[in-house]
Number of protein chains: 2
Amino acid sequence: MGCKGDQTRDAILEGALKLASRVGLEGITIGMLSEELALSKSGLFAHFGSKESLQLRTLEYAAARFAQVVVMPALAAPRGEPRVRALFEGLLRWPERVPQPGGCVFVAAAVEFDDRPGPIRDRLREIRREWHAFLAGAVRRAIDAGHFRSDLDPQQFAFEVDGIGLAWHHASRLLDDPKAGERAHRAFEALVAGARAPRR
Amino acid sequence: MGCKGDQTRDAILEGALKLASRVGLEGITIGMLSEELALSKSGLFAHFGSKESLQLRTLEYAAARFAQVVVMPALAAPRGEPRVRALFEGLLRWPERVPQPGGCVFVAAAVEFDDRPGPIRDRLREIRREWHAFLAGAVRRAIDAGHFRSDLDPQQFAFEVDGIGLAWHHASRLLDDPKAGERAHRAFEALVAGARAPRR
DNA sequence: TGTTCGTACGAACGGTCGTTCTATTTTCGC
DNA sequence: GCGAAAATAGAACGACCGTTCGTACGAACA
């Protein structure tokens, strides 16, 4: 079975993820990537057969890493509110845990591909929906555990967490707002407080 | 004074805005744009002198249109909460008011340029900061008018509105969530309710 | 030892990019 | 209407794109 090849391919995917974080999945160039990794263009290309396949594999690699560094550790936290908190904290730390110097690759890809039909958009949408469903599931468990009020809408909660994450990404990266992290946490605390309090 | 040239340039900028909405500011291609507008590549190019200048002008054009269709109409609403609401509603309608088939051009540009130093990033950041400041100003007026509680942080409010807008953009475009609009409104109502209520 | 196969390389392809140059057409004040 | 100036077109450039092809190296297996 391919031993050396697998190592190389993983190294390529790691480089592709970092590169995509900066220039987007579509902005990746086989020339740039091969130069950065000291490989030949054709040698790198041979591992994937097409650019689209490289993009797809990079997306898959990112999803696997995300599961490793934010989903799985959160499962170690107790069910209910603590786990919801762990997911949020993991979300904020994910672009540094798996180095993405240009910001979350899913955010970049979402904006790039939200109107470009094809397998990449399809897979990306799937990944995002899974994340959404997982987050909503954790919220539902928090309701069942009595941490959150029973008439809370988990999907709505997930929607708003998504918004906080995106606003944080935006404020910290483009706006260089030093208070971005603090703002994100305050927003999340307000959200949790509203979820905890009995119906007004 | 340039008469014909100005008309052409405006038509180019309108086309560039629509195109940038789909493929991003960097994704714009002079060939694509000239073909779409039935102009020659060199003829179009002559209006701007460089691609970067075209991008910068497109960004400026978008900012001017944004001021026209969301900021100015909101000024017609009474100060305080109504104006804050008008700004939020205008924000959600802006990509359809000024046709952007691929979604808000500022969102696309923000993700593309948040880590690409240069005049485009600088100008984009300025535009976004102005919007943030304007929104926060409207919130401050709502506090002064007694609509919102006096210890509300206008910047925090603006941060969260930003998040709702981004989450809505994301949910409606990539995820094809039919409830995205409803969710955005519910999130906004919760935000306003929290701003209105006396400190818990 | 010889053969095979997985792996990487170098050269080249047609195509498109942003840009430059030189003409040609169109506009507009006189 | 005329002539200057502005506006547009056309061809070409070097660079880089994704992709293909033929080939060389190295290890595994006969």
Side-chain angles (χ1 to χ4, degrees), chain A residues 1-20 22-61 108-109 112-113 116-121, chain B residues 1-20 22-59 61 102 108-109 112-113 116-121:
Chain A
M1 60 187 65
C3 294
K4 183 70 193 318
D6 284 3
Q7 289 177 15
T8 309
R9 202 173 47 228
D10 274 12
I12 294 174
L13 289 176
E14 196 181 307
L17 179 55
K18 279 174 70 173
L19 190 54
R22 284 194 286 115
V23 299
L25 261 188
E26 192 67 25
I28 285 184
T29 261
I30 299 187
M32 290 172 64
L33 194 50
S34 66
E35 195 170 342
E36 202 152 311
L37 298 173
L39 288 176
S40 70
K41 243 173 73 169
S42 55
L44 190 155
F45 183 86
H47 281 276
F48 303 95
S50 74
K51 181 180 178 178
E52 191 179 65
S53 166
L54 167 62
Q55 294 172 312
L56 225 35
R57 294 260 211 162
T58 304
L59 198 55
E60 218 61 61
Y61 180 79
E112 271 186 297
F113 285 92
R116 231 175 281 192
I120 298 179
R121 178 193 152 128
Chain B
M1 57 187 68
C3 294
K4 181 66 193 319
D6 284 5
Q7 288 177 17
T8 308
R9 201 173 48 227
D10 274 12
I12 294 175
L13 289 176
E14 196 182 307
L17 178 55
K18 278 174 69 174
L19 190 55
R22 286 194 285 116
V23 299
L25 261 189
E26 193 66 25
I28 285 184
T29 260
I30 298 186
M32 290 171 63
L33 194 51
S34 67
E35 195 170 342
E36 201 153 312
L37 299 172
L39 288 177
S40 69
K41 241 173 75 171
S42 55
L44 191 154
F45 183 87
H47 280 277
F48 304 95
S50 75
K51 181 180 178 179
E52 191 180 65
S53 166
L54 167 63
Q55 294 171 312
L56 223 34
R57 295 261 212 162
T58 303
L59 197 57
Y61 179 79
E112 272 186 295
F113 285 92
R116 229 175 283 193
I120 298 179
R121 178 193 152 129

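Note that this is a predicted model, so its numbers are computed, not measured. Throughout, protein chains are lettered first and strands after them, A, B, ... in sequence-line order, and every chain is numbered starting at 1.
Rounded to whole angstrom, the span from the CG atom of B:L44 across to the P atom of D:dA9 amounts to 9 Å. Rounded to whole Å, atom C1' of D:dA6 lies 14 Å from atom CD of B:Q7.
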Could you go through residues 32-49 of chain A and list every donor-acceptor pair under 3.5 Å that involves a side-chain atom there, pairing it with any protein atom two or more places apart or in another chain?
| unit_1 | atom_1 | unit_2 | atom_2 | d |
| --- | --- | --- | --- | --- |
| A:S34 | OG | A:I30 | O | 3.1 |
| A:S34 | OG | A:G31 | O | 2.9 |
| A:S40 | OG | A:G43 | N | 2.9 |

Sequence-aligned protein contact record of nucleotides 13-20 of chain D, with B where the base is within under 4.0 Å of a protein heavy atom and S where only the sugar-phosphate is: ----SBBB
Scan nucleotides 23-28 of chain D nucleotide by nucleotide, 5' to 3', and note B when protein non-hydrogen atoms come under 4.0 Å of the base, S if they reach only the sugar-phosphate, - if neither. ------
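Residue A:A46 is out of contact with every strand shown, counting any heavy-atom pair closer than 4.0 Å.
For the atom pair CD1 of A:I12 and CG of A:L17, the computed distance is 13.5 Å after rounding to the nearest 0.5 Å.
A:A16 and A:I28 get closest at one heavy-atom pair: O-CD1, 3.6 Å. Residues A:G24 and A:A108 share a closest heavy-atom pair of CA-CB, 4.5 Å.
Phosphate proximity of C:dG6 to A:H47: absent, as no side-chain N or O sits under 4.0 Å from OP1 or OP2.
Not a single side-chain hydrogen bond (donor to acceptor under 3.5 Å, both in side chains) links A:E14 to another residue, sequence neighbours left out. Applying the side-chain hydrogen bond (donor to acceptor under 3.5 Å, both in side chains) criterion to A:R22, with sequence neighbours excluded, gives no partner residue. For B:Q55, the side chain to side chain contact (heavy atoms under 4.5 Å, CB included) partners at least two apart in sequence or on another chain are B:L25, B:E26, B:K51, B:E52, B:F113, B:I120.
For the pair A:E112/B:E112, no side-chain contact is recorded, criterion being any heavy-atom separation below 4.5 Å from C-beta on.
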